[in-house]
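Notes follow once the structure below has been shown.
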Amino acid sequence: MVSMRAHFSFKAGLGFALAAQFFFGSIGAAHNVSLRFQVPSFIQFESASSNLTLPFADFSPGAESETAAMEYRIKANNVTRQRGVLMVQIDSKDSDLDLQARFANFSNAGGTAILVRNRQAFVTLTERDVFLADKTPVSGSGRTIQGSFEIAYKARAVKELPAGTRIKTIKLTFADV
Amino acid sequence: MKKKIPVLLTLGLLMCASPSLWGEVDTKFIHVSFEVRPVFLVKSSSSSSGTAAVDFGWVVPSDDSSPGEILEVTIATNTARSYRIYQTAASIQSDEGSTPPEGLVKFKAMPGLAGGRSEVSSYEDLRPGKRLIFSSRPGGGADQFQIHYQLGESGILDAGDYYGRVAIDGELS
């Protein structure tokens with residue numbers, strides 16, 4: 001009776017070992033691997049130059065300076081904002097002179113949205129943000145903008161202008177939310 | 001006579017209680033048979049993290065210089081049959097449902113340390129579906145090889161967390 005019990009327990013142990021091997025190893029086994037990468041939200045906004053000169057030929061009220069265009073490059077991948085994606089303001093406004101700007105010529109370089117002019121005419125810059133361009137989706141998610149555009153600048157005399165040079169700072173802002 | 005009877009009875013009881021006292025040998029035979037099943041295991045893990053994940057981390061495709069990841073694939077087998085290793089890829093998608101352009105992720109398989117042959121020796125696009133990537137040497141046997149993954153050139157990508165999945169599986173010939 002003692003030897004019978006020993007025999008039984010041995011068989012049970014052997015059976016477990018084979019079952020474990022059967023589950024851990026099999027023919028045609030597959031192994032799943034996850035694949036992941038994260039793309040951060042970013043804005044790259046660059047201009048070809050940081051200086052601009054607007055010469056006046058006349059000093060009388062209503063006189064306009066020459067128009068100068070400046071080129072910008074934009075790359076952004078999480079633009080959810082629609083209106084006023086591009087805004088502009090001036091550091092201080094003179095009472096005898098208006099500085100004006102107009103968005104022009106967006107060239108799409110593979111983005112899923114483009115920038116379009118917010119208004120046709122030149123807008124007068126103030127010390128508060130003025131909308132220059134909006135976003136229009138063209139494909140896919142419509143959240144990426146990649147391309148270049150120009151902004152034309154000119155000044156207009158409101159009163160007679162004394163001779164001299166004035167220096168102003170224009171702040172151009174691209175906002176994605 | 002009165003004294004002999006209890007002595008004989010005591011001796012008889014002791015013999016019944018302990019059979020070894022009789023001086024016999026009791027032998028038992030157990031028949032054991034072993035069966036080793038054919039085993040064919042494919043395991044894979046990242047060479048950088050050691051887990052079953054290919055994680056490129058934070059990247060800006062086109063700006064970053066081709067970030068790459070290596071997956072180590074190990075085949076354990078006790079059969080003498082040749083085999084093939086396949087990669088089955090599912091489409092990649094971001095947490096917001098954006099899909100990267102085809103060809104963003106590229107891969108290639110390296111030759112096996114034990115003589116297995118790569119079936120994708122130069123980089124090619126990771127496309128959804130099943131692709132033969134590796135063949136064992138004739139006669140099979142355990143082997144080990146690497147799969148190199150790389151993010152290729154692409155246009156601008158939506159911000160987000162992108163996930164995909166590949167299954168590495170083998171088939172005995």
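Numbered from 1 within each chain, the chains take letters A, B, ... in sequence-line order.
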Worksheet item: Quick one: what part of B:Ile85 sits under 4.5 Å from any heavy atom of chain A, side chain, backbone, both or neither?
Response: neither
Fill in: With A:Leu132, the side chain to side chain contact (heavy atoms under 4.5 Å, CB included) member among A:Thr173, A:Val123, A:Asn118
A:Val123
Worksheet, complete the sentence: On a heavy-atom basis, the closest approach of A:Phe106 and A:Leu115 is CB-O, 3.4 Å
Worksheet item: Under a 4.5 Å heavy-atom cut-off, does chain B meet the side chain of A:Ala109, its backbone, both or neither?
Response: neither
Worksheet item: Is it the backbone or the side chain of B:Ile75 that comes under 4.5 Å from a heavy atom of chain A, or both, or neither?
Response: neither
Worksheet item: Are any of the side-chain heavy atoms of A:Asp98 and A:Lys93 separated by less than 4.5 Å?
Response: yes
Practice prompt. Would you sort out whether B:Tyr162 and B:Ser98 count as a side-chain contact (heavy atoms from CB on, under 4.5 Å), showing the intermediate values?
Written response: CA-CA 8 Å; B:Tyr162 289 77; B:Ser98 297; 3.9 Å; yes
Item to complete: Sort B:Ser44 into side chain, backbone, both or neither according to what part of it lies under 4.5 angstrom from a heavy atom of chain A.
Response: both
Item to complete: Examine whether an atom of B:Val105 lies under 4.5 Å from a heavy atom of chain A, and if so say whether it belongs to the side chain, the backbone or both; otherwise answer neither.
Response: side chain
Worksheet item: What part of B:Glu96 lies closer than 4.5 angstrom to a heavy atom of chain A: side chain, backbone, both or neither?
Response: side chain
Worksheet item: Just one of A:Ile145, A:Ile114, A:Val85 clears the side chain to side chain contact (heavy atoms under 4.5 Å, CB included) bar with A:Thr136, so which one?
Response: A:Ile114
Discussion item. Using a 4.5 angstrom heavy-atom cutoff, name the option from B:Tyr83, B:Phe56, B:Tyr149 with the most pairs to chain A.
Written reply: B:Phe56
Discussion item. One pair to check against side chain to side chain donor-acceptor pair (under 3.5 Å): B:Ser121 and B:Lys108. What are the steps and the verdict?
Written reply: CA-CA 6 Å; B:Ser121 55; B:Lys108 69 176 177 181; over 6 Å; no
